[in-house]
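Just so we're clear, the structure is a prediction, and the values are computed from it rather than from any experiment.
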Amino acid sequence: MPRHEFRPGRAVAGVVMLALAAGYAADAAGAWNASWTFFAPVFFGGLWLAATATWGSYLLRRRRDARKASAENSAAPASSSGSQAMR
């Protein structure tokens, strides 16, 4: 049993931030000369990719949970009006 569920959006954001940190470190060390106009699209593109991965995993997790709940519950659904009495 896993200790926590996998969050792909956070993993993508982490990888993008590590790549940005490595780029800034290489620029600061003089090994690579890049302007800030390179880093801005990478940052915002990484955020967009992380949001897309989070949204996709949410949809899959929601679908999986609904399928699991419907398989466990074979009884008739409760009334939505608040009363169980049939009229």
Problem set entry | salt bridge (Lys or Arg N to Asp or Glu O under 4.0 Å) pairs, two or more places apart, involving residues 44-62 |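 Matches after skipping sequence neighbours: Glu5-Arg61.
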Problem set entry | Connected via hydrophobic side-chain network under 4.5 Å: Met17 and Tyr24 |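 Per the 4.5 Å side-chain linkage, Met17 and Tyr24 are co-clustered.
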Going by atom type alone, with no hydrogens or angles, which donor-acceptor pairs under 3.5 Å involve a side-chain atom of residues 30-54 and a protein atom two or more places apart or on another chain?
from: Ser35; atom 1: OG; to: Thr37; atom 2: N; distance (Å): 3.4
from: Ser35; atom 1: OG; to: Thr37; atom 2: OG1; distance (Å): 2.6
from: Thr52; atom 1: OG1; to: Trp48; atom 2: O; distance (Å): 2.9
from: Thr54; atom 1: OG1; to: Ala50; atom 2: O; distance (Å): 2.9

For this session: Check the surroundings of atom OH in Tyr58: do more than 12 heavy atoms from other residues, nucleotides or ligands lie under 6.0 Å from it?
Result: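 12 or below, so no.
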